[in-house]
K.L.:
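Sharing a structure with you now.
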Amino acid sequence: MRNVLILCLHRPNRSPSQRYRFEEYLPYLEQHGYVFEFSYLLNEQDDRIFYQPGHYFQKFCIVAKSTWKRLLNVFRARRYDLAFVQREAYMLGTSFFERAIAARIPLIYDFDDAIWMPVVSEGNKKLAFLKNAAKTAELVRCAALVFAGNAYLAAYAKQYNPNVVIIPTTLDTVKHKLVNKSPTERVCIGWSGSFSTVPHFELAIPALEILQKQYGEKVYFKVIGDSRYVNNQLGIQGIAWSAERELEELAEIDIGIMPLPDDEWSKGKCGFKGLLYMSLGIPAVLSPVGVNTTIITHGENGFLAGSTGEWVDVLSMLVENASLRKSIGLQGRKTVEEKYSVEAWQAKYLALFEGLTN
């Protein structure tokens, strides 16, 4: 039996990054003799407060409580065989806790975004001075092994640590079942994300407005992840993300889209939205940015679209051709099963853990 301490910000099944980067692997590792203890900082109540504007005294209390918890983790670190950190173990700009634990036991560091670039949540912009994006290099440097979500992230990490492995963001294809869709009179073009990434969805609005004029009631649009989002012209009322209803809401979508800006932050993205659609057999249209160009072979398992004209052309083709939607969706599902599924990667994941604990 090998004991692993997981250090993260969020409780289990709350954060997509945690869920799809490591939580779905835990049952398989447990079958092979691993025991996991979660040490997360934000419970459900703290979570609601922490990402809202203001509430500075409550946030101070959350940070104080989190500091004490991480100090206990350092003092008790030798009780464990391995530590696992996803993105960061502490919300402020110091890497002290991760480095202190890494000095006592081997530490795996996992990240799936270009988090060395300064990005602060909207609710905490006035506290941005407390953050330190540059600490990512320190976390990479102290780790015994680094899991990077794509080649772009791995290249960054290898500047500071030679022990870097690319582990793509993966999905459980047993849970994410193929959606058998029958052709309908109306076609749903959908997007799934969060309130912080809605600006990415809005990059597609010029193309969607053209489609609306072109097809009228034949097309409609769906946004999952921000219940506050409204676009009256396109008839969109956003829907809140829910773990319980996620797959049901996604199943309504006939065409899934993932527009992205072509910038350094987006190059660090791991293509999760596209993979999510593909896992369900929903044909995906992605911006040709970063890892998206590796995931998608244009016209075979999905489509890439850059300009507004390209978005209109590809989406029009899919709107008009139900059999194309089905065939592209099936190839997308096959790609996920073979290259981006938990089943495809679980043996490798286990071997990496065993390399540090045997």
Side-chain angles (χ1 to χ4, degrees), residues 1-43 65-91 94-113 115 135-136 138-149 153-154 157 161-172 175 270 341-358:
M1 184 174 70
R2 286 152 291 185
N3 296 305
V4 180
L5 175 64
I6 295 175
L7 301 154
C8 51
L9 294 187
H10 300 291
R11 62 195 185 279
N13 203 38
R14 185 275 187 195
S15 163
S17 181
Q18 291 180 192
R19 192 163 67 251
Y20 294 107
R21 293 295 300 166
F22 72 88
E23 287 180 20
E24 291 188 336
Y25 287 99
L26 301 188
Y28 180 77
L29 270 64
E30 286 169 346
Q31 293 172 13
H32 290 80
Y34 286 86
V35 176
F36 296 92
E37 179 181 322
F38 268 85
S39 180
Y40 60 88
L41 299 185
L42 301 175
N43 59 34
K65 180 173 62 174
S66 299
T67 303
W68 176 245
K69 189 168 192 175
R70 287 293 175 253
L71 286 171
L72 289 177
N73 291 144
V74 172
F75 294 143
R76 298 170 179 172
R78 295 191 190 279
R79 298 180 182 183
Y80 305 93
D81 300 289
L82 182 67
F84 184 97
V85 174
Q86 211 276 324
R87 295 175 71 101
E88 62 181 349
Y90 187 66
M91 64 276 284
T94 178
S95 62
F96 168 79
F97 299 109
E98 292 95 337
R99 289 186 289 108
I101 291 171
R104 291 161 171 79
I105 56 174
L107 183 146
I108 295 175
Y109 178 61
D110 176 276
F111 71 120
D112 62 335
D113 271 320
I115 54 176
K135 82 172 184 178
T136 305
E138 299 169 8
L139 302 183
V140 169
R141 191 179 287 113
C142 78
L145 182 61
V146 178
F147 290 176
L153 302 177
N161 191 326
N163 301 314
V164 179
V165 180
I166 296 175
I167 302 289
T169 299
T170 55
L171 293 106
D172 182 347
K175 176 184 174 183
C270 293
S341 68
V342 171
E343 185 176 6
W345 280 89
Q346 61 189 9
K348 173 73 170 179
Y349 208 90
L350 173 63
L352 292 168
F353 270 69
E354 290 186 333
L356 293 178
T357 57
N358 282 346

K.L.:
So, using salt bridge (charged side-chain N to carboxylate O under 4.0 Å, His left out) as the criterion, who are the partners of R11 when residues are at least two apart?
P.N.:
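Once residues adjacent in sequence are excluded, the partners of R11 under the salt bridge (charged side-chain N to carboxylate O under 4.0 Å, His left out) criterion are D47.
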K.L.:
Please round to the nearest 0.5 Å and tell me the distance separating atom CG of L356 and atom CD1 of I105.
P.N.:
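Interatomic distance, L356 CG to I105 CD1, rounded to 0.5 Å: 11.0 Å.
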K.L.:
Checking K69 now: which residues fulfil salt bridge (charged side-chain N to carboxylate O under 4.0 Å, His left out) with it, not counting sequence neighbours?
P.N.:
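K69 satisfies salt bridge (charged side-chain N to carboxylate O under 4.0 Å, His left out) with no residue once adjacent residues are dropped.
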K.L.:
Salt bridge (Lys or Arg N to Asp or Glu O under 4.0 Å): which pairs involve residues 25-35, sequence neighbours left out?
P.N.:
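Qualifying pairs, neighbours excluded: none.
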K.L.:
Report the distance from atom CD1 of I167 to atom SG of C270, rounding to the nearest 0.5 Å.
P.N.:
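Spacing of CD1 (I167) from SG (C270) equals 11.0 Å.
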K.L.:
With sequence neighbours excluded, what pairs up with S15 under the side-chain hydrogen bond (donor to acceptor under 3.5 Å, both in side chains) test?
P.N.:
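For S15 there are no side-chain hydrogen bond (donor to acceptor under 3.5 Å, both in side chains) partners, ignoring immediate neighbours.
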K.L.:
Nearest 0.5 angstrom please: L9 CG to S66 OG, how far?
P.N.:
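So the gap between those two atoms works out to 8.0 Å.
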K.L.:
Can you list everything that forms a ring pair (Phe, Tyr, Trp, His ring centres under 6.0 Å) with Y20? Sequence neighbours excluded, please.
P.N.:
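For Y20, the residues satisfying ring pair (Phe, Tyr, Trp, His ring centres under 6.0 Å) (neighbours in sequence not counted) are H176, F272.
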K.L.:
Where the side chain of N3 meets the backbone of D81, is there a donor-acceptor pair that is under 3.5 Å apart?
P.N.:
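Checking the backbone N and O of D81 against the side chain of N3, no donor-acceptor pair under 3.5 Å is found.
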K.L.:
Using the rule given for side chain to side chain contact (heavy atoms under 4.5 Å, CB included), can you reason through M91 versus L42, listing the C-alpha separation, both sets of side-chain angles and the distance that settles it, and then say yes or no?
P.N.:
CA-CA 10 Å; M91 64 276 284; L42 301 175; 4.1 Å; yes
K.L.:
Atom CG in N73, atom CZ in R79: separation rounded to 0.5 Å?
P.N.:
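So the gap between those two atoms works out to 10.5 Å.
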K.L.:
Over all heavy atoms of both residues, which pair between F147 and L352 is shortest? Give the atoms and the distance, please.
P.N.:
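Minimum heavy-atom separation between F147 and L352: CE2-CD1, 3.7 Å.
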K.L.:
Quick one: CZ on R99 to CG on L139, what's the gap to the nearest 0.5 Å?
P.N.:
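Rounded to the nearest 0.5 Å, the CZ-CG separation comes out at 9.0 Å.
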K.L.:
Mind listing the closest non-hydrogen atom pair of A102 and C142 along with its distance?
P.N.:
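Scanning both residues, the minimum pair turns out to be CB-O, 3.4 Å.
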K.L.:
Indicate yes or no: at least one non-hydrogen side-chain atom of R87 is less than 4.5 angstrom from one of D113.
P.N.:
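Yes, their side chains come closer than 4.5 Å.
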K.L.:
Using modelled atom types only, decide if a donor and an acceptor are shared between the side chain of S341 and the backbone of A344 within a distance under 3.5 Å.
P.N.:
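Yes; at least one donor-acceptor contact below 3.5 Å.
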K.L.:
Might you work through the side-chain hydrogen bond (donor to acceptor under 3.5 Å, both in side chains) test for D112 and T169, ending with a clear yes or no?
P.N.:
CA-CA 8 Å; D112 62 335; T169 299; 4.6 Å; no
K.L.:
Just wondering, do D110 and S17 contact through their side chains at under 4.5 Å, heavy atoms?
P.N.:
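SC-SC contact between S17 and D110 ruled out.
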K.L.:
Using 0.5 Å steps for rounding, measure from the CD atom of E138 to the OH atom of Y109.
P.N.:
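Here the rounded value is 10.5 Å.
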K.L.:
Look only at the side chain of E23 and the backbone of N13, and say whether a donor-acceptor pair between them is shorter than 3.5 Å.
P.N.:
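Yes.
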K.L.:
May I ask you to test the I6-Q86 pair for a side-chain heavy-atom distance under 4.5 Å?
P.N.:
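No, their side chains stay 4.5 Å or more apart.
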K.L.:
Using a 4.5 Å cut-off on heavy atoms from C-beta on, say whether the side chain of L26 contacts that of F84.
P.N.:
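They are not in contact (no side-chain heavy atoms under 4.5 Å apart), so the answer is no.
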K.L.:
Are L350 and Y25 close enough, and set up right, to give a side chain to side chain contact (heavy atoms under 4.5 Å, CB included), and what steps lead you there?
P.N.:
CA-CA 9 Å; L350 173 63; Y25 287 99; over 6 Å; no
K.L.:
Checking the side chain of N161 only, and the main-chain atoms of V140 only, is there a donor and an acceptor separated by less than 3.5 Å?
P.N.:
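Yes.
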K.L.:
Report the C-alpha separation of Y80 and E37 in whole Å, then their side-chain angles, then the decisive distance to 0.1 Å, and conclude whether the side-chain hydrogen bond (donor to acceptor under 3.5 Å, both in side chains) test is met.
P.N.:
CA-CA 9 Å; Y80 305 93; E37 179 181 322; 2.8 Å; yes
K.L.:
With a 4.5 Å cut-off on side-chain heavy atoms, are R70 and I101 touching?
P.N.:
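Side-chain contact under 4.5 Å: no.
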K.L.:
Of the non-hydrogen atoms in A83 and L7, which two are nearest, and what is the gap between them?
P.N.:
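Scanning both residues, the minimum pair turns out to be CB-CD1, 4.4 Å.
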K.L.:
Where is the tightest heavy-atom contact between L41 and A89, given as atom of each residue plus distance?
P.N.:
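Distance-wise, the nearest heavy atoms are CD1-O, 3.3 Å.
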K.L.:
List the atom of I166, the atom of A154, and the distance in Å for their closest heavy-atom pair.
P.N.:
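In this case the closest contact between I166 and A154 is CG1-CB, 3.7 Å.
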K.L.:
Would a 4.5 Å heavy-atom cut-off, applied to side chains only, mark V74 and R104 as touching?
P.N.:
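Yes. Closest side-chain heavy atoms under 4.5 Å.
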K.L.:
Which side chain to side chain donor-acceptor pair (under 3.5 Å) pairs, counting each pair once, include a residue from residues 348-358, with sequence neighbours left out?
P.N.:
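Listed by first then second residue: R2-N358, Y34-T357.
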K.L.:
Could you tell me whether the side chain of Y40 reaches within less than 4.5 Å of the side chain of P12, counting heavy atoms only?
P.N.:
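Answer yes - side chains close enough.
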K.L.:
Are the side chain of Q18 and the backbone of H10 linked by a donor-acceptor contact shorter than 3.5 Å?
P.N.:
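Yes; at least one donor-acceptor contact below 3.5 Å.
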K.L.:
With the side chain counted from C-beta on, respond yes when L29 and F353 share a heavy-atom pair under 4.5 Å apart, and no when they do not.
P.N.:
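Answer yes - side chains close enough.
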